[in-house]
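A short write-up of the structure that comes next.
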There are 2 protein chains.
Amino acid sequence: MGKRFPTVAAHQRVTIDDVARRAGVSTATVSKYLANRDYYIAEGTRRRIREAITELDYLPNAAARALAKQRSQMIGVVVPSIVNPYYPEVIAGIEDVTEAAGYTLSLATTNDSPERESAVLASMRQQRVAGMVLGRAPRDEDLARIAGTGIDTVLVSRESVGTDIDRVQVDSVAGATMATQHLIEHGHRRIAHIGGPQDAYSFKQRAQAYRDTCTRAGLDYIDLEVHNRYPTMADGADACRRLLEKHSPTAVFVANDLMAMGVLDHCNRNGIRVPDDLAVVGFDNVWVAGLPNVELTTIDASARLIGQTAATILLRRFEANDSEAPDATGATSTVIPPRLVTRRTCGCD
Amino acid sequence: MGKRFPTVAAHQRVTIDDVARRAGVSTATVSKYLANRDYYIAEGTRRRIREAITELDYLPNAAARALAKQRSQMIGVVVPSIVNPYYPEVIAGIEDVTEAAGYTLSLATTNDSPERESAVLASMRQQRVAGMVLGRAPRDEDLARIAGTGIDTVLVSRESVGTDIDRVQVDSVAGATMATQHLIEHGHRRIAHIGGPQDAYSFKQRAQAYRDTCTRAGLDYIDLEVHNRYPTMADGADACRRLLEKHSPTAVFVANDLMAMGVLDHCNRNGIRVPDDLAVVGFDNVWVAGLPNVELTTIDASARLIGQTAATILLRRFEANDSEAPDATGATSTVIPPRLVTRRTCGCD
DNA sequence: CTGAAAGCGCTTACAG
DNA sequence: CTGAAAGCGCTTACAG
């Protein structure tokens with residue numbers, strides 16, 4: 001029989017019972033007060049509870065609440081990396097909207113390891129997060145598990161395809177078209193493309209839009225693919241070298257900023273002047289692209305806006321769940337319009 | 001009387017009872033199995049439980065466990081910003097060690113707003129996080145509240161001082177000394193310093209170490225202070241302008257990389273050649289400092305290592321709490337040795 | 001407008 | 001080696 005040891009950290013650990021006792025009401029009433037929905041509570045009662053709470057410095061226990069309500073106030077955020085400058089912006093965007101709504105962020109990083117990803121998703125399930133935003137499309141197996149739990153999820157992955165999950169992404173086709181078109185307008189006729197791994201859908205879209213735009217303009221296209229799933233500066237530099245060995249483009253559209261910066265680096269080291277010898281346009285507009293000595297012309301993928309949008313969609317799902325309405329709105333796909341940011345490397349400025 | 005509505009998301013929501021039933025044992029036994037400490041459980045029982053868990057795809061409910069154990073498996077991480085390249089590295093470091101230990105990260109950003117900070121700390125208390133690492137020293141009021149809860153906390157703030165909390169920081173004195181000394185060794189005699197807000201302890205230390213080093217070398221010192229709490233590139237550029245209006249240093253040691261990059265920018269725009277006209281050394285070694293066109297010489301503040309160390313300290317505290325030992329080890333202060341990273345802007349290379 | 005009581009899904013001393 | 005039962009701190013239909 002559980003003789004209860006005095007709570008180890010007896011410190012102040014004040015509970016709803018303490019508040020109720022002090023205010024001279026039942027815990028049920030305090031709970032209702034806390035829920036602050038449209039419960040009717042006498043003004044006097046309300047005041048006494050309010051006072052008791054302040055006097056005791058009471059903060060409800062989130063775990064107890066989560067257990068009772070069968071749902072936590074956490075939103076899981078799973079990204080491949082947090083050091084990559086793209087994701088912190090997405091996360092900031094998520095926080096912009098979830099904070100106000102009273103949600104908390106549970107963050108996990110996968111380093112793009114499948115095992116780690118499964119583990120992380122399991123952890124999110126254990127935590128019974130209210131929703132998740134994933135920076136990478138989960139594998140079918142994990143996807144099924146998630147679906148089974150009914151945890152609302154939105155993908156901000158740049159590589160997601162036909163999964164039945166809400167998704168928000170930048171419009172890669174529009175962005176790549178703008179980038180290519182801009183180079184054409186600068187007068188270039190030999191425009192190359194350094195693409196990301198083509199099994200990632202958005203990279204594929206970017207490459208295709210590049211080709212289509214060239215074709216429409218009556219230009220040949222020269223494209224190259226980098227296979228690293230998360231292409232880095234080194235990949236970009238290397239691709240640039242390969243490209244220039246065989247071809248002599250006057251401009252290149254690079255599928256992401258990190259690679260584009262690698263291209264700049266390669267040019268720098270090899271006496272290739274940018275933009276005079278080679279104009280460069282990237283994709284993403286990570287903040288680093290705007291640095292003084294970088295000044296990369298690029299397509300703004302609105303990472304922060306994507307985060308905000310993802311969070312907004314999640315909150316909307318929550319509401320729909322509550323209202324117990326038909327709710328069967330299928331998975332949505334939101335496309336954020338990109339924006340061309342002209343700087344030094346394309347020849348503007 | 002609570003006639004229980006069928007759980008809305010009845011999906012699979014499998015509980016420890018389901019596992020116990022399926023394995024033909026009591027929930028207590030399953031719980032012991034889960035705790036996997038040195039409980040004695042018959043091998044057969046152990047196997048049946050293991051099978052039941054797999055078959056049912058059971059994942060314990062973290063909220064229930066947290067409630068029962070009076071402690072969650074979360075570690076709160078509170079940083080001023082997540083877009084600033086310094087903090088993601090710290091966070092990555094924290095995750096490096098907490099992940100393996102089975103802890104989860106609860107992330108919150110304060111934007112350096114005091115109100116937001118109080119709110120965030122309250123949220124951490126509500127969540128009953130097992131521990132916290134704070135990127136900024138809390139105000140006395142909040143500090144007292146935290147102490148009251150007994151939540152283990154470690155500061156990685158660059159501005160912390162005499163609070164009674166575990167702390168890990170880079171050795172600012174050693175770093176600033178190395179930076180200044182290096183410039184002296186390059187033959188400079190007129191070395192300036194652009195400092196951060198001097199009410200932040202580490203910035204003060206850096207300025208003081210700079211002065212001391214100059215003095216020891218028989219040089220005059222010229223220093224300037226930026227007041228913005230989180231000094232940016234713009235602050236650095238502006239400080240550089242002010243500096244050059246009145247003085248003609250041949251080198252400058254800048255108190256953080258962001259400002260140093262602003263200095264580079266200012267020079268760039270005004271035809272001041274780096275390092276020939278002005279040598280520059282920063283502090284932090286955020287990854288951006290290593291970019292091809294930046295190549296800033298700087299002091300590596302080991303952000304990731306700081307994160308790792310902070311997390312390690314936290315875990316050690318947890319152990320001490322469990323062992324119920326004298327435990328009264330006072331607040332520790334860990335100092336990480338810095339490292340000079342020479343690149344282009346100091347004249348090396 | 002308010003309260004009694006069951007229930008959320010675990011853990012843990014105790015008693016076998 | 002195993003289990004019954006109390007307790008963690010909330011919420012919520014129901015009955016007043």
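Quick note on labels: first sequence line is chain A, next is B, and so on, each numbered from 1. These numbers come from the heavy atoms of this one structure, side chains and all, not from hydrogens, waters or symmetry mates.
Rounded to an integer number of Å, the gap from CD of Gln127(B) to C1' of dG9(D) is 16 Å. Per the geometry, CZ belonging to Arg65(B) stands 15 Å off P belonging to dG9(C), to the nearest Å. Across the protein-nucleic acid pair, Asp18(B) atom CG and dG9(C) atom P stand 9 Å apart, rounded to whole Å. The distance between atom CD of Gln126(A) and atom C1' of dG9(C), rounded to the nearest whole Å, is 13 Å. Arg128(A) places its CZ atom 11 Å from the C1' atom of dC8(C), with the value rounded to the nearest Å. As rounded to whole Å, 10 Å separates atom P of dG9(D) from atom OH of Tyr58(A). In this structure, OH of Tyr33(A) is placed 13 Å from P of dT11(D), rounded to the nearest angstrom. Distance, Gln73(A) CD to dC8(C) P: 20 Å, rounded to whole Å.
Listed by chain and number, the residues in a side-chain contact (heavy atoms from CB on, under 4.5 Å) with Ser118(A) are Arg139(A), Asp142(A) (sequence neighbours excluded). Qualifying side-chain contact (heavy atoms from CB on, under 4.5 Å) partners for Arg21(B), counting only residues two or more places apart in sequence or in other chains: Asp17(B), Asp18(B). Here Ser81(B) pairs with Val83(B), Asn84(B) under the side-chain contact (heavy atoms from CB on, under 4.5 Å) rule; sequence neighbours left out. Glu117(A) meets the side-chain contact (heavy atoms from CB on, under 4.5 Å) test with Thr110(A), Leu121(A), Arg136(A), Pro138(A); sequence neighbours excluded.
Residue pairs meeting the salt bridge (charged side-chain N to carboxylate O under 4.0 Å, His left out) criterion with at least one member in residues 146-155 of chain A: none, sequence neighbours excluded.
In terms of phosphate contacts, Gln70(A) brings a side-chain nitrogen or oxygen within less than 4.0 Å of OP1 or OP2 of dG9(C). Taking side-chain N and O atoms only, Ser31(A) has no distance below 4.0 Å to OP1 or OP2 of dC10(D). Between Ser26(A) and dG3(C), a side-chain N or O to OP1/OP2 separation shorter than 4.0 Å is present.
Comparing the same atom, P, in dC14(C) and in dC10(C) gives a spacing of 24 Å after rounding to whole Å. The separation of dT12(C) from dG16(C), taken at their C1' atoms, amounts to 16 Å, rounded to a whole angstrom.
At a threshold of 4.0 angstrom between heavy atoms, the contacts of Ala28(B) include nucleobase atoms, whether or not backbone atoms are also involved.
Ion pairing between Glu51(B) and Arg47(B) holds under the 4.0 Å rule for side-chain N and carboxylate O. Classification of Arg48(B) and Glu55(B) as a salt-bridged pair fails, no side-chain N sitting under 4.0 Å from a carboxylate O.
Of all nucleotides listed (dT11(D), dC10(C), dC14(D)), dC14(D) comes nearest to the side chain of Lys32(A). Minimum atom distance to the side chain of Thr29(A) is reached by dG3(C), of the listed dG3(C), dG9(C), dC8(C).
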Fill in: Bracket notation of DNA chain C in which parentheses pair within the strand, [ ] cross earlier pairs, and | pairs with another strand (Watson-Crick or G-U, under 3.5 Å)
|||.||||||||.|||
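Each of Thr45(B) and Leu67(B) was assigned the nucleotide of DNA chain D with the nearest heavy atom; the assignment lying further toward the 5' end belongs to Thr45(B).
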Worksheet entry | salt bridge (charged side-chain N to carboxylate O under 4.0 Å, His left out) evaluation trace for Glu95(A) with Arg304(A) | CA-CA 10 Å; Glu95(A) 212 188 358; Arg304(A) 188 152 190 154; over 6 Å; no
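Between the side chain of Lys69(B) and the base of dG7(D), no donor-acceptor pair of N or O atoms lies under 3.5 Å.
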